[in-house]
Amino acid sequence: MSGSVDRELAAAARAWPFEEARKVLARIGAGAPAKGHVLFETGYGPSGLPHIGTFGEVVRTTMVRRAFRALSDVPTRLYAFSDDMDGLRRVPDNIPNPERITPHLGKPLTAIPDPFGTHESFGHHNNARLRAFLDRFGFDYEFQSATECYRAGRFDAALRRVLERYDDVIAVILPTLGPERRATYSPFLPVCAKTGRVLQAPVVARDVDAGTIVYRDEDGSLVETPVTGGRCKLQWKADWAMRWHALDVDYEMSGKDLIDSVKLSSRICTILGGRPPEGFTYELFLDENGEKISKSKGNGLSVEQWLTYATPESLALFMYNAPRKAKKLFFDVIPRQVDDYLDLLAKYDKDDRAARLENPVWHIHGADVPAAEGHVTFGLLLNLASVCNTEDRAVLWGFITRYVPAATPASAPILDALVGHAIAYYRDVVKPEKHYRAPSAAERAALEDLAATLEALPPEASAEAIQNEVYEVGKRHPLENLRAWFKALYEVLLGQTEGPRMGSFIALYGKREMIALIRDALAGRSAAA
RNA sequence: GAGCCCGUAGCUCAGCGGUAGAGCAUCUGACUUUUAAUCAGGUGGUCGUGGGUUCGAUCCCCACCGGGCUCACCA
């Protein structure tokens, strides 16, 4: 039915995931690859924790995979590959009990005790963190551990091939190294049987038929070891190439910092008789000043932060947009991504079949694009939250129903989620900047009057009636003018120079709550305290 | 030294060959009592420079200028 039509549209779609998917399609030609599926891979170095870049790489790869599915019936798989056999070089500064790690430096991550004490090893711990991170977003992937691949012999054939083509592999790497490294370089890093450490030891002999190397150990002795079965790990660029070959990876993207590595690893992969995967180089993220984001500087934005103040879909949209452009990734970009997402969601309903394939929400959600709820922007919610001075969802919803009478938290789940995010934004960003001041003598008298007046009002008093009373209270006290009266209310009670219409605000905020707010302020207990 | 990205309204950016756009900022008006919100409208750009391709270029190609980043140790 519509499948073939959509396939034609997909073949012509200009969105970048389709461009990428067509590269994969051209690569595999008419049928499926011998392994029966197309393999996408994302890499992960488990000496650190998953971060916003990890998310970006997986979500973007998933978008390409999704586009590929629209183009072809060939099955696809996505490996999230953890390089957990890597030797730990330095003790990370963000872990507990660092002293327990220090004696194990140089060992594979999966052979180092878990400093958190919750998993079999440090590597296993971080792998679990990666999986929990990915699962949180519902990514469809298969976790792969380098340690397991090496030990189970899954890389053995490819490792023997590296041994066989040793000289050719070396010839690619050596020119890129400094003279001191060049002297001792070997793509094979033997795992020392005595110490368990991954060694950068010079290889003095090789036996291709036996599948072994002889290296000079730290104590000067010569040791012969198989290159297979997890007895040797490969140095990183050779490792990447070997993995591509051994697993027959069809697609892997990477940051522009790895451009040279991709070139080298591709050459090595070819030497091994493999075909390097289709690649995509994405730009790195910058901070608000256009400077490189680095974990040590702490100028980056974390996934946690983003998800506190906005939805995962908005983050996915940020990753979808212009992946080849160095984009500033900092706090202030969040609201716009949310509103752009809402706009695109609304547009999707009206899009024809072709336009839908170009709409980022198609790439974010696939077939399950949720219905738009419309009409209220995140920018408006942020303003409302700060103007209303509230962390109460019901108060915000009170205002929202003035704009969209039919909407409720149950009928508009996206909106309700945004209400929560807006409140978090108010609580963490706006509220700390509030400055409450003490009332003057005249203002104090007027505030006491207002509290008493509110108390005397019937519970069913309308917003308009309350507004009139607030107005009357202001008029019967010797204040400069009414403008000053309202200003004083905002400054004393809400800690800001501007605020909402008091009548409707009190009606929603609650008469009793308002009285308490006044009494607290008069007693010197501001909301900030 | 090698490579990548960017240069469009005051700010942040969209614009993928056919008479320059959005948000914010600013200005005016409306919402019959302060303010904010909201709504309507206005101001505002030689699209970095110079060539080329084209009937036509912000958009494609080349060069240049300017800004920034990455790799040149390890992964």
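Every chain is numbered from 1, with letters handed out A, B, ... down the list of sequences.
In this structure, A:Thr176 reaches the sugar-phosphate backbone alone: every heavy-atom distance under 4.0 Å involves primed, P, OP1 or OP2 atoms, never a base. Counting non-hydrogen atoms under 4.0 angstrom, A:Asp83 reaches the backbone sugars and phosphates but no base.
A donor-acceptor contact under 3.5 angstrom links the side chains of A:Tyr185 and A:Gln235, judged on distance only. In this model, a donor atom of one side chain and an acceptor atom of the other lie less than 3.5 Å apart for A:Trp306 and A:Ser314.
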Identify each atom pair where a protein N or O and an N or O of nucleotides 20-23 of chain B are less than 3.5 Å apart, giving names and distance.
none

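Atom CD of A:Gln235 and atom P of B:C73 are 12 Å apart (whole Å). When rounded to the nearest whole Å, the span between NZ of A:Lys487 and C1' of B:U35 equals 10 Å. Atom NZ of A:Lys327 is separated from atom P of B:C6 by 12 Å (rounded to the nearest Å). Between the NZ atom of A:Lys328 and the P atom of B:G7 there is a distance of 12 Å, rounded to whole Å. Between the CE atom of A:Met85 and the P atom of B:A75 there is a distance of 14 Å, given to the nearest Å. Taking atom CZ of residue A:Arg324 and atom P of nucleotide B:C5, one finds them 8 Å apart after rounding to whole Å. Straight-line distance from the CE atom of A:Met502 to the P atom of B:U34: 14 Å, rounded to whole Å. Rounded to whole angstrom, the span from the CG atom of A:Leu489 across to the P atom of B:U34 amounts to 14 Å.
A cation-pi arrangement, defined by a distance under 6.0 Å to the six-membered ring centre and an angle within 45 degrees of its axis, is present between A:Arg243 and A:Phe81. Relative to the six-membered ring of A:Tyr282, A:Arg324 misses at least one condition, a distance below 6.0 Å or an angle of at most 45° to the axis.
Across all strands shown, B:G29 forms a Watson-Crick or G-U wobble pair with B:C39, both key distances being under 3.5 Å. For B:U34, there is no paired base (Watson-Crick or G-U wobble, both distances below 3.5 Å). In this structure, B:G50 and B:C62 make a Watson-Crick or G-U wobble pair, each of the two defining distances being under 3.5 angstrom.
For A:Glu491 against B:U35, no side-chain N or O and base N or O form a donor-acceptor pair under 3.5 Å. Interface remark: the A:Lys256 side chain does form a donor-acceptor pair with the B:C69 base, using a distance-only criterion of under 3.5 Å.
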Per-pair distances, 0.1 Å, donor-acceptor, side chain in residues 325-332 of chain A, under 3.5 Å, sequence neighbours excluded:
{"residue": "A:Lys327", "atom": "NZ", "partner": "A:Phe318", "partner atom": "O", "Å": "2.4"}
{"residue": "A:Lys327", "atom": "NZ", "partner": "A:Asn321", "partner atom": "O", "Å": "2.5"}

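Between A:Lys325 and B:A14 there is a side-chain polar atom (N or O) within less than 4.0 angstrom of OP1 or OP2.
Of the options A:Ser145, A:Ser121, A:Ser82, a side chain to side chain donor-acceptor pair (under 3.5 Å) to A:Asn127 is made by A:Ser82 and by none of the others.
Between A:Trp236 and A:Trp240, the two ring planes are parallel [angle under 30°; tilted spans 30° to 60°].
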